Structures are given as structure tokens and as C-alpha cells.
Amino acid sequence: MGTGCNDESIFTCILPTSFLFLSLSFFFLERYYLFQHCLKNIEENEGGLNKFSRSYQSFGVHRCVDGGLYGKEWAPGAEALFLTGDFNNWNPISHPYKKMDYGKWELFIPPGPDGFCPVPHGSKLKVVIHSKTGETLYRISPWAKYVAPEGKNVNYDWIHWEPPLQYIRKHPAHKKPKSLRIYECHVGIASPEGKVASYKNFTYNVLPKIKNLGYNCIQLMAIMEHAYYASFGYQITSFFAASSRYGTPDDLKELIDIAHSMEITVLLDVVHSHASKNSEDGLNKFDGTDSCFFHSGPRGTHSLWDSRLFDYANWEVLRFLLSNLRWWIEEYGFDGFRFDGVTSMLYHHHGIGASFSGDYHEYFGLQVDEEALVYIMLANHMVHFLHPECLTIAEEVSGMPALGCSVAQGGCGFDYRLAMAIPDKWIQIIKELKDEDWDMGNIVFTLTNRRYKEKYIAYAESHDQALVGDKTLAFRLMDAEMYTNMSVISPLTSIIDRGLQLHKMIRLITHALGGEAYLNFMGNEFGHPEWLDFPRKGNNESYHYARRQFHLADDQHLRYIFLNEFDRDMNKLEERFGWLASPLAHVSEKHEDNKIIVFERANLLFIFNFHPHKSFPDYRVGTKTPGKYPFSLCFKYKIALDSDAPEYGGHSRLDHNSEYFSEQFSHNHRPNSLMVMYIPVRP
């Protein structure tokens, strides 16, 4: 057969690929088997996943129908348990729990002589634990619904929260939005004042701004109670308690209810990857041992975060975490979750010192924590099975395959994963490259490099870039001149001009090309001029940088308004055309010399000129869809959004009344093309 391969050589050529495919199939099948095995055990031993994940209805303390009080805890390392508090004048032994099987304890206190609950709403409680080492420990129930510090005390108190009149939702949750435009936000900093802002402030002052900006989803950070404010909500102490520093549980329920009335989806930034090391007001050493909810020994501590790591193979830990998700959905009305620290969960090395190259061997093998992976699969399965309209997002940096595929396909089951390489790429470009050295092909590659059939959330920057020690895009682009030259009365310097234009272009190309959803951190839409720093010893407990100066975007005399208006109209355009819910964009041009990027998505033609000092008259671009021909009834090409428009701080170099005619003239492998009369230089 001349130079052709014989059968043996053909087999040799395809063997490595076939072997890799079979190896990957084995790992996915194994993961799915482990998931099914765990799910089957729950069905057989707990009466089903629905009942198992509603354990918040029995664990903790609850008022009974007859006015009594029922309590239940899991403390396998304890010798004895008691309930104490205001109700019994803090007698540490008068109300003992009864020991049950598998480390569980329960107690029943009959109603008082008047028929009312012996533990009134708003009174303080503690679980008293006699450990096996002879210690007497005062602990907050892991299932506590409300905790708060008293006065200037550092430690939090458990406050019994069962108000006689429960908050009643007025507005139903709506269906999942097809195009997800997420506003990442923190209630406590959502005010220009140097203080901890409230749920009420967010509801009535911030939600209308978010709605006006065209975002249809908010991602609430730092809601799960955390004793240390400066942890940004990532050192959780009470998993079932909404943070009391912003207000009451009813205030949060109202916030979510009002958001739903505005057709805004509400996501919770959930932290199930680790927990605070606090023992006085946290989960750590709840029963006097270093295990209980966590691995004992070195495996139970995250060396970088100085926090405790859950034992996901433990039956009661699964009960606790799955019930925690149900609680936030059913009690508060959250529409889903953004899971933090998924990379840390997936690997025994927690991503510490690991540089992921994309080689598949990095994602399969002994380094993978299959117990945590099965929990993730269970969590996503439960959320989607019991609440189909809820959605889940993974914050995961390694690129684990099938993270965004369904559990039935052997995936982890997330609806979306964050495209975490995109903000890193923009930082690297701005820090390291001259404008004339920007690589169009590399930009396009980073924005389009995502796994097939997995949905990604694109973002140019998030809260990570806003924190002290890092810089936002606006600050990297304009730096100190933001303090002196953002007034429209002052001269437009080259630095401010360049910064304004690139800020808009970077966000638009990321929005339109980078994924199937888009995310922005509060304030970054208008180029917030300061970093984010919570009160701590290192800054003399100052709140000066723990705030968002929304008023800057409303001031007609400041250039922040240009960025704010552009962000709003960018979102409104997406709402109209739905490019995030459309198939992947077709990139027809990434011209290195001209610094031009052209692509089509959702019946829109996007043209970007990143050249620092060159405009292009009569520039031909390819397109699939024919535009308007003379004397024919075809589609028109007209300008839909122009970053150079004066209302966005541009130079008004394009005529918005112009119509563009396409020809049946192929260009850049597209069947049609049109001549753009003028593509202005990017300052």
C-alpha cells in the first residue's frame, strides 16, 4: 500500500488516545458510582435525600406545637450535654440531654405553667458539654439560627430566634434567567459612610441602582455569620445564622423578597470548603475533640487559611452541609449558590503549591479528594432535584474537567464555573505590556478558551482585585490621576482618556466574548477610586476603605458617570439581544498590526480597535448575515453601542445615523462583508 500504514501501525498510532479515553471514562464512572452508592445509603437509612437534607427542622432547638422545646445535637466525643441560658438562670446541669445512638443527644423541655415555651424569643442559650477529658465547655449550637455579640464583646452569643410573627414573603421567585448578569456585592460596605451598612440600606438604596444598571442577579457575600468582619465572610463561625451585624433575619428576608419583586435572582456566596478555627463561637472542637465535624490531625487544618477542613466522608457532616443549603433556600428564599474554594475541596493538596498546566493527569488520581468530590455531586444533585429553578456556580481555578457537566454525565453538576483566567490576563497585559505590544490573538484565546458545553462566567475583575494589596482595572489604568483629574472641569489628560476608553472596551469584550454569563463587583462598574480594606489592627480599625462611594457615579461633574452609563447600556444591550445565552461567538479577525478584533454573536457585529494611535477609514470586516442592500428588504447594520459616544466620555467621532451595507463579497472566511467608514483610534 505504498507509504500507508498497515493495520498494526494504525493500532499503535491510536492506542495512546484510546487509552487516555478509557482511563478518563474509568474515573468518571468511578466517581458516579461513589455518588450513587452514597445516595443509595441515604435513601435506605434516612428515608430519602429530601428528609435527610431537612435535618435543620429537628437539630438545634425548636419550639414545639404544645409550647415545649425540643433540642437535638450531634456530639460524638462528649460524655454529657446540658442546655443552659437565661431561661434557667444559667444553671449548667438542670436540663440534661438524653444520649442516643451514633453520638446524638436530644432533650425535651415541657411548656411552662402558662402554656408558653420556656425559652422565649431573644433569650440567650449555650450547650454545656462535659468532654471525655473532664472539661466543661460552653458552646453555641452548630445549628443556631441567630448569633450576635453583646456590646463590645468579641465573642458571639447564641440568641434563640423564633419570633411570634414570622416574615411572610410577598413575591415569588422567578425562573432562571437565560442571560445571567451578576452584581457581586457585600451588604456591609454598600454605603459611602464609614460604617457597617444594613440590610435595610441595601434593600432600599442599593437594589434600585443594581436594577437600573441592568443586572438581573446579585451574589451576596459575607452573609453566613463570621465573627471576624475583616475575613470578608470567608471564616464562617455559624453556618445557619445570617450575619447579625447588618440587621435581623427578617431584614435579610425582606431584601431577598424585594429583589424578587424586581426580577433579580439572589445567590448566596456559600463557604463549605472550610470553617473558622474559633471554638468559643464556632464549630471547632464543639464536642471537645479536634475532629467531630473535621478531620483530626494535620489533614483537618488548612495551612494557608488557618482554618478547619470538613470530613466529607462523615455521615453527620453530610447531613449538616446538605441541610445548610436547604435552609438558605427554603428559609430565606435564595435562588442558588456560588461555592467558594472548590479547588481546595477537590484536592488533598488544596491547590497549595500546585501549578495546573491543563494536563489531564493533574485532575485524576490519588491527589483528588473523592470524598469532597462526592459531597459536591450530592449538593448539586440535591439543589437541582428539589429546587430545579436554583443554580450553582463553582469558584475553581484548576480547570477540573466536567465541573460544569451534570451529575448524570459523571460531572460535578455546577451550572456555571468562573472564568478565572480572564482577570489574570487583563492584569498581566496592563502591568507588563506596552499598548503597541498587546497580542490580539492571545486576548481572543483567553476569552474563548473554555471547555465545550460548560458554561462560564466571564469577568474583567471581581472582589479579589478590589482588595487592599491589589488594584482594580481603573486604578491600574489611571492610578493617582483618579484623585485629581476625574472632574469634567479639569483638562482631559492622556492618562485619564486612555483609562476611560480601555475600561469600557475591556469590560465590553469580556462581556460579549468571554462566557455565558457576566459578573461585576460592586462599584467597579464606574471605576471606584479606592481599594477595599476592612477595619483591622493594621489600619487602626478604620472603616474609611470599607465602603462604596456610589455618589461619585451620580455626580454630573465627575467622569465616573461616563463609565457608569456605559456599563448600564452594555447590560441593556445584552438584555435586548441575549448574547450570553447565544452560541459561541465567531471571531473573524484578530489583526496584530492593526490591533483590530472583530466577531459576531447574537446578530451583533462587534468591532474593537485597540490600536493606541491609529484610526482606520474604510475598513472592511467580514460577516455572515447580509445587511441592507439598496432597494431590498433586508436587515440593516446600524450602531447599537459606541464606546466613543460623548455620553460615555468619548470623542463622538462616529455618525450614529449611518447605515452600513453588506456585499456578497467574502472576507476573512465570512460569506459577506461590509465597509466601515471609520474606526476611531483608541486614545
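Side chains are part of it too, since the values below use all heavy atoms of this structure and drop only hydrogens, waters and symmetry mates. Everything quoted here is computed from the prediction, not taken from an experiment.
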Run the side chain to side chain contact (heavy atoms under 4.5 Å, CB included) test on I509 and F606 for me, step by step, so that the C-alpha distance in whole Å, both residues' side-chain angles and the decisive distance to 0.1 Å come before the verdict. CA-CA 8 Å; I509 197 171; F606 294 86; over 6 Å; no
Flag if over 12 foreign heavy atoms under 6.0 Å of CG, N603: no
Describe, in one word, how the ring planes of F310 and F294 are oriented to each other, choosing from parallel (under 30°), tilted (30 to 60°) and perpendicular (over 60°). tilted
Once you round to the nearest 0.5 Å, how far does CG of D340 lie from CE of M224? 10.0 Å
Non-hydrogen atoms of S273 and L309 that approach each other most closely: O-CD2, 3.5 Å
Could you check whether the rings of F320 and F240 sit parallel, tilted or perpendicular, using 30° and 60° as the cut-offs? perpendicular
Candidate pair I223 and S243, rule side chain to side chain contact (heavy atoms under 4.5 Å, CB included), full reasoning: CA-CA 5 Å; I223 294 297; S243 183; 5.8 Å; no
Can you confirm whether the side chains of D290 and S296 place a donor and an acceptor under 3.5 Å from each other? no
Side chains of W579 and H511: is there a donor and an acceptor less than 3.5 Å apart? yes
Looking at every heavy atom in both E263 and H174, which two are closest together, and how far apart are they? C-NE2, 3.1 Å
Please tell me whether E330 and H387 have a donor and an acceptor in their side chains that are separated by less than 3.5 angstrom. yes
Is a donor from one side chain sitting under 3.5 angstrom from an acceptor on the other, for R319 and S55? yes
Using only heavy-atom distances, determine whether the side chains of R507 and N524 contain a donor-acceptor pair under 3.5 Å. no
Roughly how far apart are R139 CZ and L283 CG, rounded to 0.5 Å? 10.5 Å
Heavy-atom side-chain proximity of R476 to I427 below 4.5 angstrom: yes
Against the six-membered ring of Y363, is R31 placed for a cation-pi contact (under 6.0 Å from the centre, within 45° of the normal)? no
Roughly how far, to the nearest 0.5 Å, is CD1 of I140 from OG of S279? 10.5 Å
Check whether any side-chain heavy atom of F521 lies under 4.5 Å from a side-chain heavy atom of T472, and answer yes or no. no
Stepwise, does the salt bridge (Lys or Arg N to Asp or Glu O under 4.0 Å) test hold for R450 with E516? CA-CA 10 Å; R450 47 192 187 267; E516 289 69 40; 3.1 Å; yes
In sequence, state the C-alpha distance, the side-chain angles, and the governing distance for W74 and F286, and then conclude on ring-ring contact (aromatic ring centres under 6.0 Å, His included). CA-CA 9 Å; W74 176 64; F286 173 68; 8.6 Å; no
Can you check side-chain hydrogen bond (donor to acceptor under 3.5 Å, both in side chains) on T510 and W426, steps first, answer last? CA-CA 10 Å; T510 300; W426 288 124; 3.0 Å; yes
M345 CE to T343 OG1 distance, which is reported to the nearest 0.5 Å: 10.5 Å
Do P177 and N216 come within less than 4.5 Å of each other through their side chains, counting heavy atoms only? yes
For residues F610 and M440, determine if any side-chain heavy atom of one lies less than 4.5 Å from a side-chain heavy atom of the other. yes
Using the side chain to side chain contact (heavy atoms under 4.5 Å, CB included) rule, take E225 and I236 through it: C-alpha gap first, then chi angles, then the decisive distance, then the call. CA-CA 6 Å; E225 190 60 271; I236 306 301; 5.9 Å; no
Any F599 side-chain heavy atom under 4.5 Å of L513 side chain: yes
Indicate the atoms forming the closest heavy-atom contact of A512 with R601, along with that distance. O-NH1, 2.9 Å
Any donor-acceptor pair under 3.5 Å linking the side-chain atoms of S588 with those of E600? no
Locate the shortest heavy-atom distance separating A458 from I422; write the atom from each residue and the value. CB-CD1, 4.0 Å
Can a donor-acceptor pair be found between the side chains of T623 and T625 at a distance below 3.5 Å? no
Between the side chains of D470 and Q465, is a donor N or O closer than 3.5 angstrom to an acceptor N or O? no
What verdict does the salt bridge (Lys or Arg N to Asp or Glu O under 4.0 Å) test give for R299 and D369, after you've listed the backbone C-alpha separation in whole Å, the side-chain angles of each residue and the deciding distance to 0.1 Å? CA-CA 11 Å; R299 190 182 175 188; D369 188 339; 3.6 Å; yes
Please determine whether side-chain hydrogen bond (donor to acceptor under 3.5 Å, both in side chains) holds for the pair W315 and E46, giving the CA-CA distance in whole Å, both sets of side-chain angles, and the decisive distance to 0.1 Å. CA-CA 11 Å; W315 193 260; E46 294 285 349; 2.8 Å; yes
Rounded distance (nearest 0.5 Å) linking atom CZ of F35 with atom CD1 of I376: 13.0 Å
Strictly by modelled atom types, are Y347 and S398 linked by a side-chain donor-acceptor pair under 3.5 Å? yes
Testing the 3.5 Å rule here: is there a donor-acceptor pair between the side chains of E575 and S179? no
How about L366: does its CG atom have over 12 heavy atoms from other parts shown lying under 6.0 Å from it? no
Taking salt bridge (charged side-chain N to carboxylate O under 4.0 Å, His left out) as the definition, give me every residue that meets it alongside K145, ordered by chain and number, with sequence neighbours left out. E162
May I ask you to decide whether K72 forms a salt bridge with E106, counting only side-chain N to carboxylate O separations under 4.0 Å? no
E371 and Y375: side chain donor to acceptor below 3.5 Å: no
Any heavy-atom pair between the side chains of V598 and K590 that's under 4.5 Å? no
Among T237, N284, D306, which one satisfies side-chain hydrogen bond (donor to acceptor under 3.5 Å, both in side chains) with K277? D306
Can you check whether H302 and H350 have ring centres sitting under 6.0 Å from each other? yes
Go through the steps to decide whether R417 and E396 satisfy the test salt bridge (Lys or Arg N to Asp or Glu O under 4.0 Å), and finish with yes or no. CA-CA 7 Å; R417 61 192 304 168; E396 204 282 311; 3.3 Å; yes
Do H349 and Q367 pair up side chain to side chain, a donor and an acceptor below 3.5 Å, judged on atom types alone? no
Do you know which two heavy atoms are closest between V407 and C412, and how far apart they sit? CG2-O, 3.8 Å
Side-chain donor-acceptor pair under 3.5 Å between N571 and Y518, yes or no? no
Side-chain contact test, heavy atoms from C-beta onward, threshold under 4.5 Å: evaluate it for D415 versus I393 and give yes or no. no
With the side chain counted from C-beta on, respond yes when F232 and H186 share a heavy-atom pair under 4.5 Å apart, and no when they do not. yes
Pairing residues for E362 by the side-chain contact (heavy atoms from CB on, under 4.5 Å) criterion, not counting sequence neighbours: F356, S357, D359
Could you tell me how the ring of F414 sits relative to the ring of F339: parallel (under 30°), tilted (30 to 60°) or perpendicular (over 60°)? perpendicular
Test K425 against N442 for side chain to side chain contact (heavy atoms under 4.5 Å, CB included), laying out the working first. CA-CA 9 Å; K425 175 55 62 177; N442 188 248; 2.7 Å; yes
Strictly below 4.0 Å, N to O, side chains only: are D287 and K285 in salt-bridge contact? no
